[in-house]
Amino acid sequence: MKKVQKPRKPLIVYYLIVLAVLIVFNFIVFPMMTRGNIEEVDYGTFLTMVDEKQVSKVQLEGETIYFTDKSETPRQYETTRFEDPDLVNRLQESGCEFGRVAEEQMNPFLSMLLSLVIPIVVFIVIGQILSRQLMKKMGEGSGGPFMQFGKSNAKMYVQSETGITFNDVAGEDEAKELLTEIVDFLHNPQKYQEIGAICPKGALLVGPPGTGKTLLAKAVAGEAGVPFFSISGSEFVEMFVGMGASKVRDLFKQANEKAPCIVFIDEIDTIGKKRDSQGFAGNDEREQTLNQLLTEMDGFDASKGVVILAATNRPDTLDPALLRPGRFDRRIPVELPDLKGREEILKVHAKKIKVGDDVDFGAIARAASGASGAELANMVNEAALRAVRENRKFVTQSDLEESIEVVIAGYQKKNKVLSTKEKLIVAYHEIGHALVAALQTNSAPVTKITIIPRTSGALGYTMQVDEEERNLMSKEELANKIATLTGGRCAEELVFGSVTTGASNDIEQATKLARAMITRFGMSDRFGMVALETQANPYLGGDSSLSCSPETATQIDDMVVDTVKEAYDKAMALLRENQGKLHELAKYLYEKETITGEEFMNILTQKSLPDEEQKPVETSDNANID
């Protein structure tokens with residue numbers, strides 16, 4: 001799609017351009033033009049020509065002599081005059097005409113005034129007259145081109161051959177299906193009018209960041225082939241009171257003139273937040289803008305084919321008047337894609353790059369569980385960049401797998417060198433996670449373990465990927481997940497008799513999960529199905545706050561501690577029972593630095609030698625670390 005209308009340059013720019021042209025012509029071009037036909041010679045040549053009677057006319061002007069020869073096509077010359085008392089006699093003897101030009105020097109200030117200042121003043125006066133006439137023609141009702149504060153900043157796009165359509169959007173079949181009816185109305189309004197149905201005035205796209213809300217809005221315009229106005233909610237906010245409301249009026253005026261069309265307001269929560277009765281002056285401008293938006297949406301004729309689309313990831317903060325039927329009739333969720341949706345999104349973005357025959361998009365989609373469309377697009381691009389770094393002509397499966405780790409954990413930190421002891425601690429820590437996960441039922445299989453530091457700050461990580469999409473988790477599965485999170489710290493304490501700071505993220509996740517089991521999921525015998533926590537902004541991380549008494553909050557804290565401790569004891573018992581495998585796997589990971597889930601399971605299922613049980617890994621300096 002292509003943008004129309006570019007902003008005009010201010011008038012001062014043209015003044016400066018003309019000033020530069022006048023200076024160049026006055027001091028460079030004109031002197032060169034006046035002196036371009038005069039040839040300069042030395043004084044000796046002039047005297048020789050005079051003695052040979054080849055000079056017809058001579059003019060003396062200060063220290064400069066101008067003379068003309070006697071050829072068939074007379075030519076003009078100039079030379080510099082020297083102190084010569086015989087010059088007049090020589091000129092008389094040669095018979096040429098000669099005379100002295102009176103030296104009349106103009107006042108420098110007057111010369112500059114006539115040659116430079118007066119032309120500029122005349123140009124400015126003419127420019128002001130023309131600009132006033134232009135303001136009279138263009139400024140009716142808008143205050144002229146210098147008072148455009150009330151004009152809408154919406155960018156208008158028109159349909160082109162490279163427009164975005166529904167084929168460019170994958171993984172959001174339900175949202176596309178709901179929007180298809182709007183497209184059909186814009187194409188064939190008569191069949192809806194015959195039965196008396198009217199098109200929805202507005203549709204609100206809600207979902208997490210990066211799921212394709214803006215892309216869907218552009219796809220609707222591309223499918224319908226109508227003008228598409230795009231503006232952000234923050235562009236309505238002005239420092240001048242009333243300007244936001246004026247921009248809303250101007251936007252709907254343009255939309256009615258271009259009907260049928262689509263108006264898309266991104267991040268509408270900027271101006272659509274709930275109104276309060278506090279009466280603070282700082283909120284007056286935002287509320288005026290919202291009131292004007294409500295009025296315009298309630299007043300325009302939907303039969304003209306003007307459809308309002310808006311996007312937000314904070315729907316819980318919007319004013320109820322904005323969400324009622326007759327304004328935003330439809331609320332279209334644009335959620336994170338499921339397994340099939342992720343695979344389709346990967347295929348759409350993979351069309352833009354060269355991909356090898358060995359790529360399994362299904363496996364990549366399973367490994368990228370919870371990723372948004374924007375993150376999947378970034379993964380494909382990271383894989384292409386990695387292929388270029390490796391001097392390959394196409395993207396392989398390993399490139400895509402590495403790109404998932406890049407998006408999740410960051411790039412490999414090559415300048416981060418771990419000491420021998422730290423590397424061994426990290427190896428036991430990650431094997432502790434993997435071993436506890438593998439020894440429990442209802443746990444996701446381990447697919448990769450690495451102790452290579454990443455730019456996110458992780459010194460290593462264990463990747464688990466479910467074999468199929470999971471939407472629900474049981475109480476037992478959540479308890480197993482907490483035990484898996486504590487497995488790293490258990491391995492450190494079991495082998496080294498001490499603990500490190502490396503489990504900080506594990507502690508945070510385990511505590512958060514245990515608290516959610518009690519306060520949100522109703523998985524405690526003490527409180528049962530009682531909601532003790534409220535969650536705000538579910539699409540932006542889900543900030544939560546307790547909605548209970550201080551005494552209940554204290555009991556919740558005690559129950560969280562007990563839940564995590566119970567999982568910790570369970571993980572410690574599993575590692576004690578399989579301490580031989582813990583040492584064997586840690587040694588293998590220490591040497592290889594990165595192992596696959598298949599390698600991990602092969603070692604785990606092999607029978608251990610009797611002397612390997614209870615034998616810790618030896619470091620490179622042959623000193624056991626216990």
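None of these values were measured; they are calculated from a predicted model.
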Return yes if a side-chain donor-acceptor contact under 3.5 Å exists between [X] and [Y], otherwise no.
{"X": "Y428", "Y": "H583", "answer": "yes"}
{"X": "Q464", "Y": "T447", "answer": "no"}
{"X": "N505", "Y": "Q509", "answer": "yes"}
{"X": "T534", "Y": "S545", "answer": "yes"}
{"X": "N381", "Y": "H349", "answer": "no"}
{"X": "D399", "Y": "T396", "answer": "yes"}
{"X": "E492", "Y": "T500", "answer": "yes"}

Aromatic Y590 / basic K423 pairing, under 6.0 angstrom, 45° off normal:
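Pair K423/Y590 counts as cation-pi.
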Kindly check if the number of other-residue, nucleotide or ligand heavy atoms within 6.0 Å of CD (E477) is above 12?
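Yes - once you tally the heavy atoms of other residues, nucleotides and ligands closer than 6.0 Å, there are more than 12.
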Check: residues 363-376 side-chain donor-acceptor pairs under 3.5 Å, at least two apart:
unit_1, atom_1, unit_2, atom_2, d
S372, OG, E375, N, 3.4
E375, OE1, S372, N, 2.9

Listed partners of D329 passing side-chain hydrogen bond (donor to acceptor under 3.5 Å, both in side chains), at least two apart:
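side-chain hydrogen bond (donor to acceptor under 3.5 Å, both in side chains) list for D329, sorted by chain: empty.
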Can a donor-acceptor pair be found, under 3.5 Å and without considering hydrogens, that links the side chain of R327 to the backbone of K201?
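It does not hold such a pair.
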Any salt bridge linking D557 with R515? Criterion: basic side-chain nitrogen under 4.0 Å from a carboxylate oxygen.
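So D557 pairs with R515 through a salt bridge.
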